[in-house]
Amino acid sequence: MAFYILSRVAGEGADRYDKEGDYYLTETEKKQLSDICSLYKHVVVAVNTGGLADLSFMDEFSNIEALLQIVQPGMESGNAFADIVSGAATPSGKLTDSWAYKYEDYPNSESFFHNNGNVDTEYYKEGLYVGYRYFDSFDVPVRYGFGYGLSYTDFETKVTGVSCADEKVVIETETANVGNTYSGKEVIQIYVTCPAGKLEKEYRRLVAFGKTEILAPGEKESQKFEIALDRLTSYSEEKAGWVLEAGDYVFWAGNSLADSVPCGVLKLDEEVILTKTDNICPLKEDLDELKQVPEKMQEKYKKLYADAEEKNLPGIVLADGPAGLRLLKHYIVQDGKILPTDFKNSVEGGFFCENAPKKPGDVYNQYCTAIPVGTLLAQSWNEKLIEELGEMIGGEMEEFHVTLWLAPGMNIHRNPLCGRNFEYYSKDPFLSGKMAAAMTKGVQKVPGCGTTIKHYACNNQEDNRMGSNSILSERTLREIYLKGFEIAIKESQPMFIMTSYNLINGVHAANCNDTCTKAARCEWGFKGMIMTDWTTTEHGSDCTASGCMRAGNDLVMPGAASDRENIKKELDEGTLSLDDLKACISRTVDIIWQSNQYEGAVPYKK
């Protein structure tokens, strides 16, 4: 037997390309794979990449008998790989993306940023049809579907009950390990088909999921899924609210989208507006969104700074993510003080400073855990596991006196070429929101520690993240790109939100009152702080520090003299109100008082 490892590098600040050596194999890689398959009868390909890659080679070699998607598992990757391929552990992950047969099958493949030569403006013409919502609704076949994943054993899941009470649909299941040899875990997934009414609908959407404990052969486990009615709503821009249209809501249960089967129907006689809102982020130009043919739908279903200093407020320590805490490997102490270090020391473990002169003083090393990247964590479909992992990270934050973890990232995998997809969870907003909520609950169990859910919102590319303008309808914004943030906020109340660099329908995300205040604070009840990404206000006049304050974005990071000058100028001119600035400072002080910089801190909870 032979193993072939396919690896790719991607990261912050640059997107990937649908070219050889990135999305596609190089001629050298094809030759290597061909040679291996000619020499070995049994071949396994392991894809160690942060994002999807072309798998057409799977059709060329019949002796490639298995594909293992590794997705950058962190410091225990070698042990985990060995356990899986040796049979010591039974795989139980499921895909959080749909893996197309070819890149051109993705609905925004031609127009994705550098593909059409325009990195300044991105038209989200696919609308609601992101990921499996597109493939499932338009009957486009995929190589591996959303929620799919194999095991060394077999499971059978049957629905034992469907009911509706207290504004919830309750679905009960029983899952049995029907294999003869291996123990393992199974993921149960619940989808719904909403009625094809006035509002455009995807064919199915994920509304609940759960993972069993380890089941031995013959062992069974029952689960109960309570599905709140708001998971069945669609957003009506015309009525400015979340609507349940009249008709049949068909529920599906299975261990993947493709293998799910209908299990119940909720009939609604008349339309219900479940939640009223204000409209946000209006389009400023026409956008021709992708829609299904109606017949097809029917067919398928100033003083303030001084005051703060007088209170002797401590600073709080922040550590970046995404795969655990990002810390310097070592620091130097001289005469009882930590010496400042060059930024290059923090890049690639100080690789670019290896030949620099040694500074005098005592060297202190520090170590933390490199956890798997976001996509792999989400592919566990295991909220309990993610919460436990979050609590571990919170413990390391406590050890290193870190208050705030600049993670988790939870943007949508809109296109496989986004350079930071590895950091994010999924193409699905419900799954992304549940994963971020679980991680936040775990971290924030540790007294005075908090998470920062990011990047809020529509940060789905990296090539021009500082200046790109995301053009999309309000409904698409709310149902796809804000929904995960909404779930995370309502279920876990993270300490911070970090806004993104891009504009949303012409308004910079950090200066957007509609998303920061109207949606996050007023609609969803967010009580924490909102911060900018680093140097957001230093790249032009479309985003200012005062604009951040007016929008409800409390903290400009890392802060520059130009930000202070802008705030002072607008206070003097009256374009920034003292009340807006006071509100930001009040939230800042409130968070610091609850941080682990004080003795007796308790788990952050609003």
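Since the model is a prediction, treat every value here as computed from it, not as a measurement.
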Fill in: Contact summary for P494 and I453, nearest pair of heavy atoms
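Between these two residues, the closest heavy atoms are CG-CD1, 3.8 Å.
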Practice prompt. Assign the ring pair Y331 / Y364 to parallel, tilted or perpendicular, where the plane angle (0 to 90°) is split at 30° and 60°.
Written response: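 Plane angle under 30°, so parallel.
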Practice prompt. Starting from the C-alpha separation in whole Å, work towards a yes-or-no answer on side chain to side chain donor-acceptor pair (under 3.5 Å) for Y106 and N415.
Written response: CA-CA 7 Å; Y106 294 101; N415 187 283; over 6 Å; no
Residue pairs passing the salt bridge (charged side-chain N to carboxylate O under 4.0 Å, His left out) test where at least one lies in [range], sequence neighbours excluded:
| range | value |
| --- | --- |
| residues 485-504 | K434-E491, K483-E486, E486-K490 |
| residues 366-375 | none |
| residues 400-420 | E12-R420, E122-R414, E126-R414, R420-E423 |

Worksheet item: How far apart are the C-alpha atoms of N502 and S500, what are their side-chain angles, what is the distance that settles it, and do they pass the side chain to side chain donor-acceptor pair (under 3.5 Å) test?
Response: CA-CA 6 Å; N502 55 279; S500 52; 2.9 Å; yes
Practice prompt. May I ask you to decide if N421's main-chain N or O and H413's side chain share a donor-acceptor pair within less than 3.5 Å?
Written response: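 Yes, H413 side chain to N421 backbone: donor-acceptor pair under 3.5 Å.
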Practice prompt. Not counting sequence neighbours, which residues clear side-chain contact (heavy atoms from CB on, under 4.5 Å) with Y17? List them please.
Written response: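 In terms of side-chain contact (heavy atoms from CB on, under 4.5 Å), with neighbours along the sequence ignored, Y17 is linked to K19, D22, H114, D463.
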Practice prompt. State which residues pass side-chain contact (heavy atoms from CB on, under 4.5 Å) with A407; sequence neighbours excluded, sorted by chain then number.
Written response: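 W405.
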Fill in: Name of the residue among E289, E479, R478 meeting side chain to side chain donor-acceptor pair (under 3.5 Å) with S473
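Of all the options given, the one that passes is E289.
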Discussion item. Pair Y481, N460 - check side chain to side chain donor-acceptor pair (under 3.5 Å), show working.
Written reply: CA-CA 10 Å; Y481 299 99; N460 307 107; 4.9 Å; no
Worksheet item: What pairs of residues pass the side chain to side chain donor-acceptor pair (under 3.5 Å) test when at least one of them lies in residues 382-395, not counting sequence neighbours?
Response: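 Of all non-adjacent pairs touching residues 382-395, those that pass side chain to side chain donor-acceptor pair (under 3.5 Å) are E387-K445.
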